[in-house]
Amino acid sequence: MNQWEAYVEGSYFNHKVGYGAVIIHQNIIKNEMYGLVPKEFSHSRQVGGELFAVIQVVKWCQKENLTEITIYFDYWGIQKWATGEWKTNIRLTKNYADFIRNSPIQIHWQKVKSHSGNKWNQLADDLAKKGVILKK
């Protein structure tokens with residue numbers, strides 16, 4: 001059974017976009033990631049932050065030699081662009097989908113309701129907000 005989980009979030013404030021992610025194994029935080037997103041992700045506001053967060057989680061999994069993770073998200077596009085259910089009409093979503101599809105990591109997608117009191121989703125949201133206030 002897959003015991004690795006990640007929650008991802010994006011945040012938009014004052015024309016800046018941040019990302020946040022928390023990686024959990026057996027209910028213990030193993031890594032927290034946050035920061036400003038690169039310019040190519042920022043025009044899509046918080047969605048760009050969420051996409052960037054997923055990419056960072058996948059890269060972390062590759063670095064740590066993990067093969068499988070469940071990613072929790074609150075915007076359907078995160079899963080549907082990656083799986084091909086939604087058409088990728090712009091470079092950002094095309095690049096995101098290509099990256100995920102070409103990754104060796106097996107991802108289990110799990111939608112969560114945003115701002116519903118889930119402590120891990122709230123932590124990812126707090127991290128994304130923290131990322132927004134970083135200096136460029």
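Keep in mind that the numbers below use all heavy atoms, side chains included, and drop hydrogens, waters and symmetry copies. Along the sequence shown, residues carry numbers from 1.
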Between V132 and L36, the two heavy atoms sitting closest are O-CD2, 3.7 Å
*Neighbour count >12 (heavy atoms, 6.0 Å) for atom CZ, F73*: yes
Q. Under 3.5 Å, side chain of Y96 to main-chain N/O of I78, donor-acceptor pair present?
A. yes
Practice item. For the pair K30 (side chain) and I24 (backbone), establish whether a donor and an acceptor sit closer than 3.5 Å, ignoring hydrogens and angles. Key: no
Residues passing the side-chain hydrogen bond (donor to acceptor under 3.5 Å, both in side chains) test with N95, sequence neighbours excluded, are none
Look up atom [atom1] in [X] and atom [atom2] in [Y], then write down how far apart they are to the nearest 0.5 Å.
X: K130; Y: E32; atom1: NZ; atom2: CD; answer: 7.0 Å
X: Q3; Y: T70; atom1: CD; atom2: OG1; answer: 9.5 Å
X: I100; Y: I105; atom1: CD1; atom2: CD1; answer: 9.5 Å
X: D125; Y: W120; atom1: CG; atom2: CH2; answer: 15.0 Å

Would you tabulate the side-chain donor-acceptor contacts of residues 84-92 under 3.5 Å, counting partners in other chains and residues two or more places apart, or write 'none'?
| unit_1 | atom_1 | unit_2 | atom_2 | d |
| --- | --- | --- | --- | --- |
| E85 | OE1 | K80 | NZ | 3.1 |
| E85 | OE2 | T83 | OG1 | 3.1 |

Using distance only, find each side-chain donor-acceptor pair of residues 42-54 under 3.5 Å and give its atom names and separation, not counting sequence neighbours.
| unit_1 | atom_1 | unit_2 | atom_2 | d |
| --- | --- | --- | --- | --- |
| S42 | OG | K39 | O | 2.8 |
| H43 | ND1 | E40 | O | 3.3 |

Answer yes or no: is there a side-chain heavy-atom contact under 4.5 Å between [X] and [Y]?
X: Y19; Y: Q56; value: yes
X: I107; Y: V57; value: no
X: K111; Y: W76; value: yes
X: K129; Y: F13; value: no
X: E9; Y: L127; value: no

- Query: Taking the inter-plane angle between the rings of W81 and Y75 on a 0 to 90° scale, is it parallel (under 30°), tilted (30 to 60°) or perpendicular (over 60°)?
  - Reply: tilted
* Applying side-chain contact (heavy atoms from CB on, under 4.5 Å), run through Y72 and N118 and close with a yes or a no. => CA-CA 11 Å; Y72 294 83; N118 179 301; 5.9 Å; no
For Y12, the ring pair (Phe, Tyr, Trp, His ring centres under 6.0 Å) test, sequence neighbours excluded, returns none
By salt bridge (charged side-chain N to carboxylate O under 4.0 Å, His left out), K94 pairs with (sequence neighbours left out) none
When I71, D74, N121, I23 are each screened for side chain to side chain contact (heavy atoms under 4.5 Å, CB included) with Y7, the one that passes is N121
Contacts of T67 meeting side-chain contact (heavy atoms from CB on, under 4.5 Å) (sequence neighbours excluded), chain-then-number -> none
